[in-house]
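What follows is one structure encoded as structure tokens, with my remarks underneath.
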Amino acid sequence: SYNALLGAYASHGMHTEALRVFKLLKQNGLRPDVVSYTTLLNAYGRSGLPEKAREVFNDMRKNSCKPNKVSYNALIDAYGSAGMLKEAISLLHKMEKDGIPPDVVSISTLLTACGRCKQITEIDAIFEAAKSRGIELNIVAYNSGIGSYLSFGDYEKALELYASMMASNVNPDGVSYNILISGLCKLGRYAESLKFFEDMVDLRIPLTKEVYSSLICSYAKQGKLTEAKSTFSSMKESGCFPD
RNA sequence: UUCCCUAUAUCGUGGCCC
């Protein structure tokens, strides 16, 4: 019950409240378990406080509560989200030494971190790390990689990765298209961006307000106001209400 | 002991602040 409440605060990045619940749990004679510690750790991570997250991580070991895969991944994300890619990558090796094999979540967390930290040189090493460990990339990992390439402005690598994803029989989802459409649009690759939108329609993948916003933005930037307006109209017609 | 619940990864636009 305490963990559920802790999680509710953590998922909103409310670390102060999460810490209060964590203390309350202990005051009532209960021992925090791996989920309690990981939840608190994540609350700090989401609040952009990687050092506090690390403190919780160290604390759990001190109290002989072994961090598991989720704890490590949460700490990797805490560093990655804070732009500390080196620390995030070194945790991949640390968890391995600790007898916990990294999984596809560790990989996609790091792929996303590369994009945030604009570390184009590290991204291929991370794909290699996944491959050498036999970690199969899923749709989230591919989406993360595609997004990071696009954030570097490397749309060719992004499209290459998209192609190899298709070749591996991993099917794109709504998020994949959102990433491609908005990313290509930001780079001014309007024609490519529109092509993916058409694919999305053909495949009957539900169009979200995120995709409509990207498309409207794309037309607006090109000065195609008629298209922008008609996209806005079809958005409403399709039952997707503008916010 | 068993079951259930709770913790980790990917997407848009604009505004305000620095």
Side-chain angles (χ1 to χ4, degrees), chain A residues 1-12 15 18 21-22 25 30 32-46 53 56-57 60 65 67-81 88 91-92 95 100 102-116 123 126 130 135 137-151 158 161-162 165 170 172-186 193 196-197 200 205-221 228 231-232 235 240 242-243:
Chain A
S1 312
Y2 280 105
N3 285 349
L5 186 59
L6 203 47
Y9 285 126
S11 57
H12 292 97
H15 64 269
V21 175
F22 188 84
L25 177 164
L30 297 169
D33 65 4
V34 65
V35 174
S36 329
Y37 279 110
T38 305
T39 306
L40 185 63
L41 188 164
N42 188 38
Y44 285 122
R46 296 181 84 98
V56 175
F57 185 84
M60 72 193 285
C65 177
N68 64 14
K69 195 168 284 199
V70 178
S71 324
Y72 270 102
N73 287 342
L75 188 57
I76 290 174
D77 191 46
Y79 281 123
S81 301
L91 276 166
L92 193 74
M95 71 193 284
I100 298 166
D103 65 0
V104 69
V105 175
S106 326
I107 297 300
S108 49
T109 304
L110 288 172
L111 289 173
T112 303
C114 287
R116 289 202 185 104
I123 192 164
I126 291 163
I135 300 170
L137 302 183
N138 63 12
I139 186 63
V140 176
Y142 278 111
N143 287 345
S144 305
I146 292 169
S148 288
Y149 279 129
L150 288 169
S151 78
L161 186 57
Y162 175 81
M165 173 178 101
V170 175
D173 62 5
V175 174
S176 317
Y177 284 105
N178 290 344
I179 291 170
L180 284 161
I181 292 165
S182 64
L184 289 167
C185 164
K186 274 189 189 141
S193 164
F196 282 111
F197 178 76
M200 201 177 174
I205 294 175
L207 302 174
T208 60
K209 68 180 188 327
E210 286 85 354
V211 173
Y212 277 115
S213 303
S214 299
L215 200 64
I216 291 168
C217 186
S218 160
Y219 284 130
K221 280 182 185 158
T231 303
F232 188 73
M235 176 175 183
C240 187
D243 61 4

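Chain identifiers are assigned alphabetically (A, B, ...) following the order of the sequence lines, protein sequences preceding nucleic acid strands; residue numbering begins at 1 within each chain.
- Residue V105(A) places its side chain closer to U8(B) than to any other of C11(B), U10(B), U8(B).
- The CG-C1' distance, from L215(A) to G12(B), rounds to 11 Å in whole Å.
- With U13(B), A9(B), A7(B) as the choices, the nucleotide that has an atom nearest any side-chain atom of T109(A) turns out to be A9(B).
- In this structure, the side-chain contact (heavy atoms from CB on, under 4.5 Å) partners of V104(A), at least two apart in sequence or on a different chain, are I135(A), N138(A), A141(A).
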### Task
Report the C-alpha distance between N73(A) and S106(A) in whole Å, list the side-chain angles of each, state the deciding distance to 0.1 Å, and finish with yes or no for side chain to side chain donor-acceptor pair (under 3.5 Å).
CA-CA 5 Å; N73(A) 287 342; S106(A) 326; 2.7 Å; yes
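- Note on K186(A): only backbone sugar-phosphate atoms sit closer than 4.0 angstrom, heavy atoms only; bases stay farther off.
- Closest of all the heavy-atom pairs between L150(A) and L180(A) is CD1-CA, 4.0 Å.
- Taking the six-membered ring for Trp and the full ring otherwise, Y72(A) and F57(A) have centroids separated by under 6.0 Å.
- Checked against G12(B), A7(B), A9(B), the side chain of N68(A) finds its nearest nucleotide in A7(B).
- For the atom pair OG of S151(A) and NZ of K186(A), the computed distance is 9.0 Å after rounding to the nearest 0.5 Å.
- In this structure, L75(A) atom CG and U8(B) atom P are separated by 14 Å, rounded to whole Å.
- In this structure, the side chain of S36(A) engages the main chain of D33(A) through a donor-acceptor pair within 3.5 Å.
- F196(A) has its CZ atom 16 Å from the P atom of G12(B), to the nearest Å.
- Considering only the side chain of S214(A), G12(B) comes nearest among A9(B), G12(B), A7(B).
- Atom CG of D173(A) is separated from atom C1' of A9(B) by 13 Å (rounded to the nearest Å).
- Base contact: D243(A) has a heavy atom under 4.0 Å from a base atom.
- Within the structure, every side-chain polar atom (N or O) of R46(A) is placed at least 4.0 Å from both OP1 and OP2 of A7(B).
- Side-chain proximity of A4(A) to the nucleotides U6(B), U13(B), C11(B) is greatest for U6(B).
- The shortest distance between the side-chain N/O atoms of N143(A) and the OP1/OP2 oxygens of C11(B) is not below 4.0 Å.
- In terms of modelled atom types and a separation under 3.5 Å, the side chain of S71(A) and the main chain of T38(A) share no donor-acceptor contact.
- Judged by distance alone with a 3.5 Å cut-off, no donor-acceptor contact links the side chain of D33(A) to the base of A7(B).
- Following rounding to the nearest Å, L184(A) (CG) and C11(B) (C1') show an atom-to-atom distance of 13 Å.
- Between the OH atom of Y177(A) and the C1' atom of U10(B) there is a distance of 16 Å, rounded to whole Å.
- With A7(B), U8(B), U6(B) as the candidates, the nucleotide lying closest to the side chain of T39(A) is A7(B).
- For S213(A), whose side chain is taken as the heavy atoms from C-beta onward, the closest listed nucleotide among G12(B), A9(B), U8(B) is G12(B).
- One atom, CD1 of I179(A), and another, C1' of A9(B), lie 11 Å apart when rounded to the nearest Å.
- Evaluation of atom-type donor-acceptor distances gives a pair under 3.5 Å for the side chain of S108(A) against the base of A9(B).
- When each of A9(B), A7(B), U6(B) is scored by its nearest atom to the side-chain atoms of N3(A), the top-ranked nucleotide is U6(B).
- L25(A) places its CG atom 15 Å from the P atom of A7(B), with the value rounded to the nearest Å.
- If you look at Y142(A) and Y162(A), their ring centroids are not closer than 6.0 Å.
- For RNA chain B, if you chain together Watson-Crick or G-U pairs that step i with j, i+1 with j-1 and so on, you find no run of at least three with distances under 3.5 Å.
- Between K209(A) and the phosphate of C11(B), there is no side-chain N or O to OP1/OP2 separation shorter than 4.0 Å.
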